[in-house]
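The structure follows.
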Amino acid sequence: MLKNQSHPQRRGYSQFRERNNVGVFTPTSAALFVAAGLGLFFYFRYEKAQLLEQREKERASKQYGRPQIGGPFSLTSHKGETFTDQNLLGKWSLVYFGFTNCPDICPAELDKMTEVLNNIEKTHGAIFQPVFISVDPARDPPARIARYLEDFHPSFTGLTGAWDATKSVCKSYRVYFSTPPNADPAGDYLVDHSIFVYLMDPRGAFVEAFGQSVPAEDVIAKVDEAIAEWREETGKKV
């Protein structure tokens with residue numbers, strides 16, 4: 001009777017020990033755990049690389065579809081300082097071509113730019129650099145442009161230069177202007193020119209062109225959209 005009673009006890013202890021052995025972290029299970037961890041690490045690194053590559057392709061595709069507007073130039077600012085295309089880098093830019101003797105269109109467009117800039121600064125801060133480039137270099141020396149811009153947003157930079165330099169920057173931005181190279185500085189003439197405000201990103205790349213008929217609220221909406229896309233891509237506004 002005693003033997004029959006002790007036998008089930010030994011079997012129960014053996015089963016208990018076997019159950020405990022199942023939970024032991026053996027070298028084999030450790031190796032499998034490490035292998036699984038490495039596999040997940042490389043998988044997620046691969047997926048991240050694929051995502052970044054896809055974003056770069058999307059950015060390049062958008063860039064490829066844009067007109068090639070803008071390029072190298074060297075002009076003189078309304079402060080008498082050299083200003084080149086490199087000075088546009090690091091900020092968003094709104095670029096407008098006009099002349100100080102323009103009776104109505106240029107002032108209206110610069111007023112619209114001022115409204116846009118005031119709105120943008122409230123939302124995004126001082127991340128924009130507005131630029132006015134004269135297409136009438138004979139009558140628009142730096143001092144005259146400086147006085148002219150006093151009526152508009154204080155952050156405006158006015159640019160002028162020799163006729164050849166003006167023609168070159170206008171060609172880069174696909175701007176037409178009718179000022180002849182031998183224009184009389186004292187002459188009483190009007191200048192026919194393209195009427196667009198160009199939105200350029202912090203890399204100096206073209207984003208959008210706004211014609212005279214585009215209202216300020218539409219410009220603001222497009223600017224907000226461009227900044228949002230830039231922030232998604234770079235993690236910052238500029």
Ignoring hydrogens and angles, state whether a donor on the side chain of Asp184 or Tyr189 is under 3.5 Å from an acceptor on the partner side chain.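 No donor-acceptor contact under 3.5 Å links the two side chains.
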
Which residue pairs pass the ring pair (Phe, Tyr, Trp, His ring centres under 6.0 Å) test with at least one member in residues 95-121, sequence neighbours excluded?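 The answer is Phe97-Tyr173, Phe99-His193.
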
Judged by atom type as modelled, is there a donor-acceptor pair below 3.5 Å linking the side chain of Trp163 to the main-chain atoms of Thr179?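 Looks like yes, one N/O pair under 3.5 Å.
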
side-chain hydrogen bond (donor to acceptor under 3.5 Å, both in side chains) partners for Ser155, two or more places apart: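 side-chain hydrogen bond (donor to acceptor under 3.5 Å, both in side chains) list for Ser155, sorted by chain: His153.
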
Specify the closest pair of heavy atoms between Val135 and Cys170, including all atoms of both residues, with the distance to one decimal. CG1-SG, 3.9 Å

Looking only at heavy atoms, what is the nearest atom pair of Lys91 and Ile127, with distance?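 Reported closest heavy-atom pair: CB-O, 3.6 Å.
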
Applying side-chain hydrogen bond (donor to acceptor under 3.5 Å, both in side chains) to Asn101 and not counting sequence neighbours gives Arg144

Ion pair present between Lys112 and Glu109, side-chain N to carboxylate O less than 4.0 angstrom? yes

Side chain to side chain, Thr160 and Pro142, heavy atoms closer than 4.5 Å: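 Contact flag for Thr160/Pro142 side chains = yes.
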
State whether Tyr198 and Arg174 meet the cation-pi test: NZ (Lys) or CZ (Arg) under 6.0 Å from the six-membered ring centroid, and within 45° of the perpendicular axis. no

With hydrophobic residues grouped by side-chain heavy-atom distances under 4.5 Å, do Trp230 and Ile69 end up in a single group?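 Not linked; separate clusters.
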
Under a single-linkage definition using a 4.5 Å side-chain heavy-atom cutoff for Ile, Leu, Val, Met, Phe, Trp and Tyr, are Val238 and Leu117 assigned to the same hydrophobic cluster? yes

Gln129 side chain to Asn87 main-chain N or O, any donor-acceptor pair under 3.5 Å?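 It does hold such a pair.
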
Does the side chain of Arg203 come within less than 4.5 Å of Thr234's, by heavy atoms?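 Side chain of Thr234 against side chain of Arg203, heavy atoms only: contact under 4.5 Å found.
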
Listed partners of Glu121 passing salt bridge (charged side-chain N to carboxylate O under 4.0 Å, His left out), at least two apart: none

With a 3.5 Å cut-off and sequence neighbours excluded, list the donor-acceptor pairs that the side chains of residues 205-228 form with protein atoms.
residue	atom	partner	partner atom	Å
Lys222	NZ	Glu225	OE2	3.4
Asp224	OD1	His124	NE2	2.8

So do the side chains of Trp92 and Asp201 get within less than 4.5 Å of each other, counting heavy atoms only? yes

Under 4.5 Å between side-chain heavy atoms, hopping through other hydrophobics if needed: is there a path connecting Val131 to Val191?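 Yes: a chain of side-chain contacts under 4.5 Å links Val131 to Val191.
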
Would a hydrophobic clustering, with Ile, Leu, Val, Met, Phe, Trp and Tyr connected at side-chain separations under 4.5 Å, put Val197 with Ile105? yes

Is any side-chain heavy atom of Ile145 less than 4.5 Å from a side-chain heavy atom of Thr100? yes

Spacing of CE belonging to Met113 relative to CD1 belonging to Ile120, to within rounding of 0.5 Å: 9.5 Å

Reported CG-to-CG distance for the pair Leu199 and Leu94, which is rounded to 0.5 angstrom: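 If I round to the nearest 0.5 Å, the distance is 6.0 Å.
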
Atom CZ in Phe177, atom CD1 in Ile133: separation rounded to 0.5 Å? 11.5 Å

Which atom pair, heavy atoms only, marks the closest approach of Asp85 to Gly71? CB-O, 3.4 Å

Separation of Ser134 OG from Leu75 CG (nearest 0.5 Å):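 If we round to the nearest 0.5 Å, Leu75:CG and Ser134:OG are 9.5 Å apart.
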
Return yes when atom NZ of Lys237 has more than 12 non-hydrogen atoms of other residues, nucleotides or ligands closer than 6.0 Å, and no otherwise.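 Check passes, neighbour count above 12.
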
Of all heavy-atom pairs between Ser172 and Pro72, which one has the smallest distance, and what is that distance? OG-O, 4.2 Å

List for me each residue that meets side chain to side chain contact (heavy atoms under 4.5 Å, CB included) alongside Phe152, sequence neighbours excluded, and say none if there are none. Pro107, Leu110, Asp111, Thr114, Tyr148, Leu149, Phe156

Are Phe128 and Ser93 side-chain neighbours, meaning at least one heavy-atom pair lies under 4.5 Å?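 Phe128 does not reach Ser93 side chain to side chain.
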
Value rounded to 0.5 Å, distance of CZ in Phe73 from OG1 in Thr84: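 The CZ atom of Phe73 sits 6.5 Å away from the OG1 atom of Thr84.
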
For the atom pair CG (Leu159) and OG1 (Thr82), what is the distance rounded to the nearest 0.5 Å?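 OG1 of Thr82 is found 10.5 Å from CG of Leu159.
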
Distance-minimising heavy-atom pair for Met200 and Val95: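 Smallest interatomic distance, heavy atoms only, reads CG-CG2, 4.2 Å.
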
Nearest heavy atoms of Gly98 and Cys106, plus distance in Å: CA-SG, 3.7 Å

